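Not measured: the values here are computed from a predicted model. Lettering follows sequence order; numbering is per chain, from 1.
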Amino acid sequence: MGGVRVATWNVNSAKAREPRLLGWLDERAPDVVCLQETKLSDEAFEETFGAALAERGYEVAHHGEGRWNGVALLSRVGLEDVVNGLPGAPGFPHQEARAVSATCGDLRVTSVYVPNGRDREDPHYAYKLEWLGVLRDMVEAGDPSSTIVAGDFNIAPADLDVYSVEAFAESTHVTAPERDALAAIEKTGLHDVIRDRWVDVPAFTYWDYRGGAFHQDRGMRIDLVLAGAPVAERRAAAWVDRLARKGTGPSDHAPVIVDLDTAPDGDIGPVVPPPSMGANRGRSRKKA
DNA sequence: ATGTCAGTCCAAGACTGA
C-alpha cells in the first residue's frame with residue numbers, strides 16, 4: 001500500500017445517488033470514504049450497497065435512521081472499533097444519526113454531519129453549537145495525532161469560504177459562535193487540510209441546486225477534512241472533486257479528496273519520486 | 001431569481017428539510 005486516499009462526500013441521499021456514487025468510487029478509488037446524508041436505514045443501505053461495496057473491497061460502517069441524516073464509513077484499509085453517534089451528544093429531541101467513527105489502518109476516522117442550524121433564532125442553532133462542543137470533547141478524549149474528522153460541518157470557517165459575505169449577513173454557517181466552535185475543535189490539534197493546501201483559493205464544496213448557483217460558482221466551503229498534525233503532514237494532495245457536482249443527478253455537495261503518503265514509520269517508501277525521476281525530465285526531453 | 005431536489009404519505013400533490 002503506497003499511501004491512503006481519504007474522501008468525504010455529502011451525497012444527499014445515497015439511494016438517489018446510487019449510480020453516481022458507485023461510478024465515483026470506481027473513478028477515484030478512495031481507500032477511506034466518509035459519507036453524509038445517506039437518508040437510509042442500516043438495513044436499506046446494506047440492501048442497496050452491500051454487494052456492490054463488497055465487490056469493490058470495502059468494509060462498511062453505516063449509521064442511519066431512515067428518512068433523514070445518516071452517515072457511513074467505507075474502508076479497504078481496515079475498519080475496526082466502530083462507534084455509532086457521538087457519546088453524550090444532544091438530540092432533537094432524540095439523538096440523530098450524525099456521526100460514525102472507526103479505526104481504518106493507522107487512522108481514527110469520524111464521518112460527521114453537523115446539524116444545519118437553520119436560523120440564528122431557531123432552537124436548531126443552539127443544538128448545533130452544543131453538538132459541536134460534544135464533538136470537540138470526543139476528539140480531545142481520543143488521540144488527535146491519529147485523528148481524521150471529515151464531513152459536512154455546515155460552517156464556512158472564514159469569509160473566503162462563501163461566495164458573498166453580504167449574502168450571508170443574516171444567515172447561519174458564518175456566525176462567530178459557529179466559527180468559534182469549529183476553532184475549538186481544531187485547537188485540540190486538528191488541521192484544515194484543504195485550507196492548508198489552498199491558502200487563498202475559495203475551494204467551495206457546496207452549491208445550492210437553485211438559481212444556477214453551481215454554474216455561477218455561488219458556493220460555500222462547508223465540507224472539511226480535519227486531521228491531526230502528524231496526519232496532515234502526510235498530505236500529498238488535497239482537492240475538491242468538482243466533476244462530481246456536474247452532469248446528471250448530482251448531489252449539491254462535491255467530494256473532498258485527500259491523499260496521504262505512507263506514515264514515516266511505515267514499511268514502504270515515499271510515494272513522491274526523487275528529483276532524478278521527476279516528471280519534468282520527460283516533458284523537456286519530449287520538447288527537445 | 002428562494003428559479004431545486006429528495007423524502008414522506010400514498011397515489012398527486014402538499015408538506016418538510018436543506
Could you state the [atom1]-[atom2] distance from [X] to [N], rounded to the nearest angstrom?
X	N	atom1	atom2	answer
A:Phe92	B:dT16	CZ	P	15 Å
A:Tyr127	B:dA18	OH	P	10 Å
A:Asn69	B:dT16	CG	C1'	13 Å
A:Ile155	B:dA18	CD1	P	15 Å
A:Glu96	B:dA18	CD	C1'	13 Å
A:Lys128	B:dA18	NZ	C1'	11 Å
A:Glu37	B:dG17	CD	C1'	9 Å
A:Arg67	B:dG17	CZ	P	13 Å

key: Pair A:Asp31 + A:Arg5, salt bridge at N-O below 4.0 Å   = no
Where the side chain of [X] is defined as all heavy atoms beyond and including C-beta, which of [options] is the nearest nucleotide?
X	options	answer
A:Tyr113	B:dA18, B:dG7, B:dC5	B:dA18
A:Lys39	B:dT2, B:dA6, B:dA18	B:dA6
A:Tyr209	B:dC5, B:dG7, B:dA18	B:dC5

inquiry  = I want to confirm an ordering. Mapping A:Asp252 and A:Asn12 to their closest nucleotides on DNA chain B, which one lands closer to the 5' end?
reply    = A:Asn12
request  = Let me know, please, whether A:Arg118 or A:Ala16 comes out on the 5' side of the other along DNA chain B by nearest nucleotide.
outcome  =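 Looking at the nearest nucleotide for each, A:Ala16 comes out on the 5' side.
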inquiry  = Any base atoms under 4.0 Å from A:Tyr206, or only sugar-phosphate, or nothing? Heavy atoms, all strands.
reply    = nothing
ask   = Judged by modelled atom types alone, do A:Asn10 and A:Glu37 share a side-chain donor-acceptor pair under 3.5 Å?
value =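 Looking only at side-chain atoms, A:Glu37 and A:Asn10 do form a donor-acceptor pair, the distance falling under 3.5 Å.
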Residue pair A:Asp241 / A:Trp24, side-chain donor-acceptor N/O under 3.5 Å =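 The answer is yes; a qualifying pair exists.
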key: OP1 or OP2 of B:dA6 under 4.0 Å from side-chain N/O of A:Arg17   =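 Yes, A:Arg17 has a side-chain N/O under 4.0 Å of OP1/OP2 on B:dA6.
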key: Euclidean distance for P, B:dA6 against B:dC10 (whole angstrom)   =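 Result for the P pair: 22 Å, nearest Å.
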request  = For B:dT2 versus B:dG7, give the span between their P atoms, rounded off to a whole number of Å.
outcome  = 23 Å
query = Which ring pair (Phe, Tyr, Trp, His ring centres under 6.0 Å) pairs, counting each pair once, include a residue from residues 70-111 of chain A, with sequence neighbours left out?
reply =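 Every pair satisfying ring pair (Phe, Tyr, Trp, His ring centres under 6.0 Å) with a residue in residues 70-111 of chain A: A:Phe92-A:His124, A:Phe92-A:Tyr127.
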inquiry  = Once you measure the plane-to-plane angle for A:Tyr206 and A:His253, does it fall in the parallel (<30°), tilted (30-60°) or perpendicular (>60°) bin?
reply    =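 Tilted: the ring planes of A:Tyr206 and A:His253 meet at 30° to 60°.
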